[in-house]
Amino acid sequence: FPSHDKYGFIKVVDSPSGREVLTTSGAMLSCSENHKLLPDAYWGIFLKNIKKYRDNYKRALIFGLGGGVIQNLLFKAYPGIEIVTIEYDPVMNDIYKYFFSGDKYENHKILNVDAKSFVKNSHKFGDYEEYFDLVFVDTFSSFTTKEYDNFNNFYKDTKKFLKPNGMFAVNMIVWQDPTFNESLKYISSLSSFYKNTELTFVGSIAGNSNILTYSSDKINL
């Protein structure tokens with residue numbers, strides 16, 4: 001599939017472990033909700049961790065669609081949850097619908113718009129301020145200065161979507177030590193607009209690791 005995003009072309013394959021969305025270089029962007037590697041990948045660990053912080057989630061804002069694995073896991077874990085997904089590339093809508101059962105969830109709205117544009121102009125899409133109890137950012141492929149330009153403004157502005165004491169989570173990929181140092185700088189900056197931030201490292205595969213951060217004004221452990 002020709003991607004409108006930075007990946008060029010992406011493909012869907014059925015591997016021995018389950019269905020996967022791959023880049024032309026073979027990197028796995030997403031997978032099916034029953035993929036064998038899911039429990040140890042960041043998708044599965046994210047779902048496991050958020051259950052520690054809250055008993056229930058009724059409304060979620062997700063930046064990034066992929067194969068919709070996060071969305072599908074949330075729909076299964078929290079029946080009746082309402083999800084709004086921000087996805088720049090409309091090609092992902094078709095992949096999600098035809099290969100990952102994305103048409104079976106009625107409470108799912110996908111908006112094809114750039115993440116920063118949505119944050120700045122959300123009033124054009126609906127009344128979403130203080131609307132969600134979970135916001136998850138899963139948009140960026142790696143943590144670099146260029147991709148996270150003005151990230152403080154982006155994440156500070158994103159807080160307006162959360163209900164009081166809502167959960168704000170981010171997935172980032174760390175490739176090397178200089179990038180890791182920059183990610184720690186970002187994590188420490190979260191304390192300027194959230195009272196609590198915690199993080200989880202997710203393994204190391206082919207030289208990269210995922211860092212999941214969880215921020216809130218009240219994290220219940």
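The first residue in the sequence is number 1, and the count goes up from there.
Of the charged side-chain nitrogens involved, none lies within less than 4.0 Å of a carboxylate oxygen, so that K195 and D217 do not count as a salt-bridged pair. Ion pairing between a basic and an acidic side chain is recognised when a charged N comes within 4.0 Å of a carboxylate O; K48 and D40 show no such pairing.
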ask   = What's the verdict on side-chain contact (heavy atoms from CB on, under 4.5 Å) for I62 and I83, showing C-alpha distance, side-chain angles and the deciding distance?
value = CA-CA 7 Å; I62 312 294; I83 298 178; 3.9 Å; yes
task = Please assess R59 against D133 for the test salt bridge (charged side-chain N to carboxylate O under 4.0 Å, His left out), listing each intermediate value before the final yes or no.
result = CA-CA 6 Å; R59 294 171 177 170; D133 43 28; over 6 Å; no
inquiry  = Using salt bridge (charged side-chain N to carboxylate O under 4.0 Å, His left out), reason through K120 and D157 one step at a time and then give a plain yes or no.
reply    = CA-CA 8 Å; K120 289 295 185 183; D157 291 344; 2.7 Å; yes
Pair L22-V13, side-chain contact (heavy atoms from CB on, under 4.5 Å): steps then yes or no = CA-CA 8 Å; L22 305 177; V13 301; 3.6 Å; yes
message = As a quick check of understanding, evaluate side-chain contact (heavy atoms from CB on, under 4.5 Å) for Y128 and L61, giving each step before the final call.
response = CA-CA 9 Å; Y128 291 127; L61 174 65; over 6 Å; no
ask   = Are K104 and N72 close enough, and set up right, to give a side-chain contact (heavy atoms from CB on, under 4.5 Å), and what steps lead you there?
value = CA-CA 10 Å; K104 68 180 180 182; N72 288 357; 5.5 Å; no
ask   = Going through the distances and angles, do E130 and K163 end up as a salt bridge (charged side-chain N to carboxylate O under 4.0 Å, His left out)?
value = CA-CA 4 Å; E130 294 191 9; K163 292 181 177 180; over 6 Å; no
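No donor-acceptor contact under 3.5 angstrom links the side chains of S122 and E129, judged on distance only. Side-chain atoms of E82 and Y131 include a donor-acceptor pair closer than 3.5 Å. No hydrogens or angles considered: a donor-acceptor pair under 3.5 Å links the side chains of R54 and S216. Checked by atom type, the side-chain pair N112/N93 shows a donor-acceptor distance below 3.5 Å. In this model, a donor atom of one side chain and an acceptor atom of the other lie less than 3.5 Å apart for N210 and N171.
Within a 6.0 Å sphere centred on CG of N56, other residues, nucleotides and ligands contribute more than 12 heavy atoms. Under a cut-off of 6.0 angstrom, the local environment of NZ in K58 is sparse, with at most 12 non-hydrogen atoms contributed by other residues, nucleotides or ligands. Around atom CZ of F125, more than 12 heavy atoms belonging to other residues, nucleotides or ligands sit under 6.0 Å away.
Between T158 and V135 there is a side-chain heavy-atom pair separated by less than 4.5 Å. When side chains are defined from C-beta on, K51 counts as touching Y78, because their heavy atoms get closer than 4.5 Å. Between E198 and N196, every side-chain heavy-atom pair lies at or beyond the 4.5 Å cut-off. Counting heavy atoms from C-beta outward, D103 and Y98 have side chains that stay 4.5 Å or more apart. For the pair L38/L73, a side-chain contact is recorded, criterion being any heavy-atom separation below 4.5 Å from C-beta on. F201 is listed as a side-chain neighbour of I211, based on a closest heavy-atom distance under 4.5 Å. The shortest side-chain heavy-atom distance between T197 and Y214 does not fall under the 4.5 Å cut-off. Within the 4.5 Å cutoff, no side-chain heavy atoms of K124 are placed close to those of F118.
Residues L212 and L37 fall into different hydrophobic clusters, defined by Ile, Leu, Val, Met, Phe, Trp and Tyr side chains chained together at heavy-atom separations under 4.5 Å.
Residues K36 and P39 approach most closely at O-CD, 3.5 Å, considering heavy atoms. Contact detail for N107 and G80: the closest heavy-atom pair is ND2-O, 3.6 Å. Closest approach of S30 and G68 over heavy atoms only: OG-N, 4.0 Å. Across H35 and S17, no two heavy atoms sit closer than the pair CE1-CB, 3.3 Å. Smallest separation of non-hydrogen atoms from A60 and L74: CB-CD1, 4.4 Å. When all heavy atoms of A41 and V202 are compared, the closest pair comes out as C-CG1, 4.0 Å.
Atoms CD1 and OG1, on I110 and T85 in that order, are 5.5 Å from each other to the nearest 0.5 Å. Distance check: K11 NZ to F99 CZ gives 13.5 Å after rounding to the nearest 0.5 Å. Rounding to the nearest 0.5 Å places CG of L162 at 10.0 Å from OG of S215. Taking CD of E33 as the start and CD of Q71 as the end, the distance is 11.0 Å to the nearest 0.5 Å. Note that CG of L47 and OH of Y57 are 9.5 Å apart. Values are rounded to the nearest 0.5 Å. Here I86 contributes atom CD1 and D114 contributes atom CG; the two are 10.0 Å apart, rounded to the nearest 0.5 Å.
Residues Y105 and F75 place their aromatic rings such that the two centres sit under 6.0 Å apart. Checked against a 6.0 Å centroid threshold, the rings of F63 and F136 do not count as neighbours. Between F132 and F168, the ring centre distance reaches or exceeds 6.0 Å.
Remark: the backbone N or O of V12 is not paired with any side-chain donor or acceptor of R19 at under 3.5 angstrom.
Relative orientation of the Y96 and H108 rings is perpendicular, given thresholds of 30° and 60° on the angle between their planes.
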